[in-house]
Protein chains: 2
Amino acid sequence: MPGRGSKKIAQQPTLADFKVGVDNVIFSVDTAQNRLLVLLVMRQEEPFSGHWCLPGTLVRQGESLEDAAYRILAEKIRVKNLYLEQLYTFGGPGRDPRECDGSYGVRYLSVSYFALVRFEEAELIADGVSGIAWYPLEQVPQLAFDHNKILEYGHRRLRNKLEYSPVAFEVLPEVFTLSDLYQLYTTVLGDNFADYSNFRARLLKLGFLYDTKVKVSRGAGRPASLYRFDAEAFAPFKDKPLVFI
Amino acid sequence: MPGRGSKKIAQQPTLADFKVGVDNVIFSVDTAQNRLLVLLVMRQEEPFSGHWCLPGTLVRQGESLEDAAYRILAEKIRVKNLYLEQLYTFGGPGRDPRECDGSYGVRYLSVSYFALVRFEEAELIADGVSGIAWYPLEQVPQLAFDHNKILEYGHRRLRNKLEYSPVAFEVLPEVFTLSDLYQLYTTVLGDNFADYSNFRARLLKLGFLYDTKVKVSRGAGRPASLYRFDAEAFAPFKDKPLVFI
DNA sequence: GCAAAAGTGTTCCTGGTACACCCATGC
DNA sequence: GCATGGGTGTACCAGGAACACTTTTGC
């Protein structure tokens, strides 16, 4: 950080001034239909007015990045449970058209966050004006800014996290069948992994899935047991390499 | 981004103005002494003048984040080979003392990058004024700003990456013995994993380590073969789950 | 010769894979 | 009854863990 407040003003390269935005990639899963969903909102202002985009906001004075991420989330949906982590920071010049017009030289930088919510518990807040909707991942349209890129990055993160951490239980309902769990993995990762019975056996042996003994019947077939993720029983596995495949 | 350029000026929350810094966590390994090293520089300006810190810079107009990361790196060391990836963005208010004094309301945000270089090939650029040095990780002092936190984050990333990706070959010399490789893993991860002979057998079976047949003798004991990482032979494993433990 | 470090091989056993098969429901 | 989906068990095999052993150097 050369020469801030110093006297040699000769050929100082000019620093860029930034506005910092936070954009959230919010995933959920519709267990009933086995669809991976992402939350999109319709932009009301220029640029890209009328285009869908990831829910985002600019960071306010005194607000931390994470606070900003929680704020947009709270503005858009009401949730009981929430998983949130920082994703990536996109900041090349020219990623936002506002950089050219109006305020000279201001750069727009986006710190993206990755969130998982439970579909059943997430209640979308429609303010009457702005559109907001869950989009199945394969049906996501062209988004504003570089949001398709951000979304893709988030999707990759989700796939990676599924394999080695218990994020699945953040998107599944409180109680779920082992089929639900297996379906979730196949819808997100494809079905190039262990078959259902092996998947089942492995997960149960680990011992952090609690069988509530409650049965649910969905159409034909034998009723399935509802299971609950037992965070306490999982604790020993925390930070240890663990493969869910 | 509510009401930019609109007419209702009433109670708009004020957006924060940011300067964006890039800080690099640059790791290397001294194979001879089996030490994990991190590059530190001595700050010459306030705040924290006279303190060690991670090499960093503020982003200039027209410069991408990654460009800035490469720029500081190039200012500090000359390298032939380089691995670089974004680490994390630290941006809470109050992380930089400059936020209070002088320019009102400006926030300082740090996008950190993670870099690996080869110790033998890395030539430190001493400009006569500023201190610059490789620090063994256990001897790192109190750093300026929140750089200890950033460093710790980078260290965690390094440990994770070692387990499932071939980053080891970015810090090892072009040719290395299998002991060197094993030592690297133990110095970074501890020795809670497979013993040398199993490690060795597993790695060799994968087939992307090319035996140059050249032998080196280091003191007593049988001379070791020098191996070379064969990126082509590794390609099929790219993006596949692969454990190096 | 002996110690030290590199390199090879062997045995044991866990844990993944691929199935076959039984169970409980709707119709 | 039969189709459907849930749940259990078994037989096989790859690959990891532990460890003994051989080879080649320095001294």
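Each chain gets a letter, A, B and so on, in the order the sequences are listed, and its residues count up from 1. Computation of the quantities below employed the complete heavy-atom set of this structure, encompassing side-chain atoms and omitting hydrogens, waters and symmetry-equivalent molecules.
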Aromatic ring proximity, centroids under 6.0 angstrom, A:Phe229 and A:Phe208
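For A:Phe208 and A:Phe229, the ring centres are under 6.0 Å apart.
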Please pick, from C:dA18, D:dA17, C:dA6, the nucleotide with the shortest atom-to-atom distance to any side-chain atom of A:Asn198.
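Of C:dA18, D:dA17, C:dA6, C:dA18 is nearest to the side chain of A:Asn198.
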Between D:dG6, D:dT25, D:dA17, spot the one nearest the side chain of A:Ala224, thanks.
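For A:Ala224, the side-chain atoms sit closest to D:dG6.
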Phosphate contact (D:dG6 OP1 or OP2) by A:Arg200 side-chain N/O below 4.0 Å
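For A:Arg200, the contact criterion (side-chain N or O under 4.0 Å from OP1 or OP2 of D:dG6) is not met.
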Return no unless some side-chain N or O of B:Tyr196 is found under 4.0 Å from OP1 or OP2 of C:dA6.
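For C:dA6, neither OP1 nor OP2 has a side-chain N or O of B:Tyr196 closer than 4.0 Å.
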Distance in angstrom units between [X] [atom1] and [N] [atom2], rounded:
X        : N      : atom1 : atom2 : answer
A:Leu203 : D:dG7  : CG    : P     : 13 Å
A:Lys205 : C:dT17 : NZ    : P     : 12 Å
A:Leu209 : D:dG7  : CG    : P     : 12 Å
B:Phe193 : D:dA18 : CZ    : P     : 13 Å
A:Arg202 : C:dG15 : CZ    : P     : 11 Å
B:Leu204 : C:dA6  : CG    : C1'   : 12 Å
B:Asp211 : C:dA6  : CG    : C1'   : 12 Å
B:Tyr227 : C:dA6  : OH    : P     : 12 Å

For [Y], is there any backbone N or O sitting under 3.5 Å from a side-chain donor or acceptor partner on [X]?
X        : Y        : result
B:Thr187 : B:Asn34  : no
A:Gln44  : A:Met42  : yes
B:Asp195 : B:Asn198 : yes
B:Asp30  : B:Arg35  : no
A:Arg118 : A:Val171 : no
A:Tyr185 : A:Leu162 : yes

In degrees rounded to 10°, what angle is found between the helical axes fit to the five outermost pairs at each end of the helix from C:dG1-D:dC27 to C:dC27-D:dG1?
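The two end axes of the helix from C:dG1-D:dC27 to C:dC27-D:dG1 meet at 0°.
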Counting any heavy atom closer than 4.0 Å, what does A:Ser225 reach on the DNA or RNA strands: base, sugar-phosphate only, or nothing?
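Sugar-phosphate, backbone atoms only, no base.
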Mind checking if A:Ala194 touches a base, just sugar-phosphate, or nothing, with heavy atoms under 4.0 Å?
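It contacts sugar-phosphate atoms only.
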Answer with yes or no whether B:Asp195 presents, from its side chain, a donor or acceptor under 3.5 Å of a partner atom in the base of D:dA17.
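Between D:dA17 and B:Asp195, which were checked side chain against base, a qualifying N/O pair under 3.5 Å is absent.
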Short heteroatom pairs, N/O only, protein and nucleotides 3-5 of chain C, under 3.5 Å:
unit_1 : atom_1 : unit_2   : atom_2 : d
C:dA5  : N3     : B:Arg222 : N      : 3.3

Of A:Gly219 and B:Leu226, whose nearest nucleotide on DNA chain C comes first from the 5' end?
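Checking each residue's closest nucleotide, the 5'-ward one belongs to B:Leu226.
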Kindly determine whether A:Glu163 and A:Arg159 satisfy salt bridge (Lys or Arg N to Asp or Glu O under 4.0 Å), including the steps that lead there.
CA-CA 7 Å; A:Glu163 291 183 10; A:Arg159 277 175 285 158; over 6 Å; no
What's the separation between atom OG in B:Ser197 and atom CZ in B:Arg202, rounded to the nearest 0.5 Å?
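Reported value, rounded in 0.5 Å steps: 10.5 Å.
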Aromatic ring pairing B:Phe193/B:Phe199, orientation class (parallel under 30°, perpendicular over 60°, tilted between)
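Tilted: the ring planes of B:Phe193 and B:Phe199 meet at 30° to 60°.
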